[in-house]
Amino acid sequence: MPEECGCKEEKLPADEFSPEDWKKIDEVIEAHREKGLDDLLPVLHEVQKICGYLPASVQRRIAAGLDISPSTVYGVVTFYTLYYTKPQGKKCLRVCDSVTCYDRGSKELVAELENKLGIKPGETTKDGQLTLETVSCLGACDKAVVAMLDDETYYNLTAEQVSELVEEG
Amino acid sequence: MEERILLANCGVIDPEDIESYRKAGGYKALKEVLSAKTPEDVIAEIEKSGLRGRGGAAFPTGLKWKFTRQAGSARQAKEDEKYVVCNADEGEPGTFKDRMLLEDDPHLVLEGMIIAGFATGAQNGYFFIRGEYVLSISRMEKAIEQAKQKGLLGENILGSGFSFNAHVRAGAGAYICGEETALFAAIEGKRGIPRLKPPFPPTAGLWQKPTTINNVETLANVPIIINRGADWYAGLGTESSKGVKIFGISGAVRSPGLYEAPFGVTLRHLIYEKAGGMKGDKPLKAILCGGAASGFLSSEHLDTPVDYQSLPPLGSGVGSGAIAVFAEGVDIVDIVRQNAGFFLHESCGACIPCRVGSKQIYDILSRLVKGQGAESDIDLLVDLAETMKISSRCGLGIASPTPVLTAVKYFKDDFLEKVRH
């Protein structure tokens with residue numbers, strides 16, 4: 001791993017990220033370098049926005065940049081559910097399945113989505129467009145069923161509405 | 001209609017405009033504190049108000065602040081080595097109050113934090129906000145920016161000599177980080193594994209420094225208490241439970257939503273008056289009162305006052321103020337199973353009782369729901385739940401079996417139904 005040997009002529013690992021992506025990643029790391037481990041969560045959030053997920057090559061780069069071990073980064077990435085180690089769909093639909101939403105019909109809603117998309121929660125459609133997830137409480141239980149499409153929250157959803165949402169999305 | 005106290009600004013002011021908050025009386029409490037009070041005065045005022053933590057644990061807020069202030073002086077720690085942390089990692093299923101405060105009145109919470117910083121002697125504060133709460137995060141970041149521009153944050157606030165900075169940290173999807181020491185670990189860049197207590201946060205919190213950690217709603221109470229006085233606040237509610245509380249009523253009611261009421265209000269009043277009664281006039285079957293890790297109650301408990309004294313003997317609690325209502329016809333065992341599935345997923349795995357217990361409880365409940373269980377499974381369920389309660393490492397494993405135990409206690413017939421095939 002070139003990042004760890006201190007070698008100045010660092011070789012970029014062969015992967016799907018462009019040199020521009022790597023430049024952006026390095027800029028994020030640079031901005032937090034002084035803080036090191038303390039800023040690991042914000043760095044992971046920002047880098048994931050660039051890459052879409054956090055594969056080993058990216059984790060190693062972050063580890064080297066923040067001067068922490070790759071295993072520390074791996075441990076954190078795999079602990080939190082909002083960090084991904086596998087490529088995700090272009091969009092992500094998160095449906096709440098906590099008790100209130102469950103009682104108000106999230107089960108039927110998820111079944112409808114599974115049927116329509118041909119995937120189960122945690123999977124991505126074959127065309128790579130959408131990842132479906134079930135999540136715990138999104139903090140709007142008075143407007144159950146609740147779901148998020150990327151950063152946008154949708155309330156009082158029925159199976160029909162969520163179906164339309166996916167088509168438009 | 002009763003006066004709105006904590007939610008007075010919600011939906012009324014422009015949460016992205018500090019002037020809008022100021023016009024509603026905002027930052028008056030901070031000015032008063034910085035110009036006319038000592039930190040000890042502020043702590044005394046909060047103690048007198050009877051304010052207790054609104055996140056669920058209900059620890060007296062003034063006492064927590066006092067411990068943090070004293071920890072500093074006893075250990076000769078420099079003032080910049082203390083912290084205030086706002087626990088905004090709301091994720092307890094059924095709970096949605098902090099989200100509204102953060103989205104609709106972020107300056108109220110920020111003002112509370114700055115006052116907490118002054119009282120405890122901290123110079124830095126962190127809002128740890130759930131990663132999924134995208135709007136809450138951006139609203140709080142904006143509030144901090146505006147407060148800085150107006151000289152309400154930063155060096156020498158309003159010429160008082162007191163300096164304080166606030167920061168926002170976004171969570172990354174882990175319910176366990178609502179546990180205070182796991183939350184510190186997340187801010188420190190680590191896996192959210194709880195630490196053993198003691199030492200408690202006022203002695204060794206964030207980066208092992210004296211730290212006060214308060215829930216969003218707790219901090220929101222602070223400017224109100226300063227403005228209207230501890231005596232007024234303590235006059236609300238009951239002897240054991242002073243003040244007002246926000247209740248999040250959800251589920252099978254006509255008008256689900258956030259409602260505030262003084263402690264001592266009955267569940268019946270909250271459900272049938274505030275939330276408009278049961279949807280379709282169906283009979284009420286169960287109430288999950290206090291949050292997903294609190295206890296179930298049944299229709300016989302409707303006249304119970306909601307306060308810190310009346311609910312615990314029933315196996316339930318005020319908790320976060322969540323009141324999830326279920327109508328007759330619900331498969332209560334399936335609801336308990338779904339809820340247990342949440343805790344199975346969120347157990348951090350550090351201790352065996354919680355890691356293994358959550359899995360076994362979920363498996364047994366799944367068996368029962370499928371009609372594949374035996375009557376002995378119900379006893380096993382109770383045995384496991386009680387073992388988890390006494391032996392788990394942190395609050396998650398201690399509290400998460402509560403809904404299972406209370407469901408078996410109040411809805412035994414529903415469980416027995418599942419094994420009579």
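Every chain is numbered from 1 and lettered A, B, ... according to where its sequence line falls, protein lines coming before strand lines.
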Salt-bridge test for [X] and [Y]: reply yes if a basic N is under 4.0 Å from a carboxylate O, no otherwise.
{"X": "A:Lys23", "Y": "A:Glu27", "value": "yes"}
{"X": "A:Lys49", "Y": "A:Glu46", "value": "no"}
{"X": "A:Lys24", "Y": "A:Glu20", "value": "no"}
{"X": "A:Asp39", "Y": "B:Arg169", "value": "yes"}

If you count heavy-atom pairs under 4.5 Å with chain B, which of [options] comes out on top?
{"options": "A:Asp151, A:Thr153, A:Val77", "value": "A:Asp151"}
{"options": "A:Thr81, A:Asp38, A:Leu138, A:Leu40", "value": "A:Asp38"}
{"options": "A:Ser98, A:Gly36, A:Ala140, A:Ser136", "value": "A:Ser136"}

Please evaluate residues B:Ile249 and B:Tyr259 with respect to the criterion side chain to side chain contact (heavy atoms under 4.5 Å, CB included), reporting the C-alpha separation (whole Å), side-chain torsions for both, the decisive distance (0.1 Å), and the verdict. CA-CA 7 Å; B:Ile249 309 176; B:Tyr259 299 93; 3.7 Å; yes
What is the minimum heavy-atom distance between B:Arg393 and B:Pro194, and which atoms define it? NH2-O, 2.9 Å
Is it the side chain or the backbone of A:Thr72 that comes within 4.5 Å of chain B heavy atoms, both, or neither? neither
Between A:Lys107 and chain B, which part of the residue has a heavy atom less than 4.5 Å away: side chain, backbone, both or neither? side chain
Any residue of residues 134-141 of chain B which, by heavy atoms, sits under 4.5 Å from chain A: B:Val134
Among [options], residue most engaged with chain A (heavy-atom pairs, under 4.5 Å):
{"options": "B:Gly173, B:Ala174, B:Cys177", "answer": "B:Gly173"}
{"options": "B:Ala327, B:Gly251, B:Gly248, B:Gly131", "answer": "B:Gly251"}
{"options": "B:Gly349, B:Gly171, B:Ala292", "answer": "B:Gly171"}
{"options": "B:Gly341, B:Gly192, B:Ala322", "answer": "B:Gly192"}
{"options": "B:Asp334, B:Val330, B:Thr95, B:Leu288", "answer": "B:Asp334"}
{"options": "B:Ala324, B:Gly91, B:Ala172", "answer": "B:Ala172"}

Judged by modelled atom types alone, do [X] and [Y] share a side-chain donor-acceptor pair under 3.5 Å?
{"X": "B:Asn215", "Y": "B:Lys97", "result": "yes"}
{"X": "A:Tyr102", "Y": "B:Asn339", "result": "no"}
{"X": "A:Glu108", "Y": "A:Ser106", "result": "no"}
{"X": "B:Tyr133", "Y": "B:Glu90", "result": "yes"}

Contact part of [X] toward chain A, heavy-atom cut-off under 4.5 Å: side chain, backbone, both or neither?
{"X": "B:Asp331", "answer": "neither"}
{"X": "B:Tyr175", "answer": "neither"}
{"X": "B:Ala252", "answer": "both"}
{"X": "B:Arg191", "answer": "both"}
{"X": "B:Ile187", "answer": "backbone"}
{"X": "B:Glu92", "answer": "backbone"}
{"X": "B:Val325", "answer": "backbone"}
{"X": "B:Ala186", "answer": "both"}

Between B:Ile176 and B:Glu346, is the side chain to side chain contact (heavy atoms under 4.5 Å, CB included) condition met? List the steps. CA-CA 6 Å; B:Ile176 186 66; B:Glu346 298 300 334; 5.6 Å; no
How are the rings of B:Phe296 and B:Phe326 set relative to one another: parallel (under 30°), tilted (30 to 60°) or perpendicular (over 60°)? tilted
From B:Phe128, B:Tyr83, B:Phe127, B:Tyr126, residue fulfilling ring pair (Phe, Tyr, Trp, His ring centres under 6.0 Å) relative to B:His167: B:Tyr126
Go through it in stages, so that I can follow the logic: the residues are B:Asp98 and B:Glu217, the test is side chain to side chain contact (heavy atoms under 4.5 Å, CB included), and I'd like the CA-CA distance, side-chain angles, deciding distance and then a yes or no. CA-CA 6 Å; B:Asp98 296 342; B:Glu217 187 186 347; 4.0 Å; yes
Determine, stepwise, if the pair A:Ser163 / A:Gln161 fulfils side-chain hydrogen bond (donor to acceptor under 3.5 Å, both in side chains). CA-CA 5 Å; A:Ser163 187; A:Gln161 284 166 323; over 6 Å; no
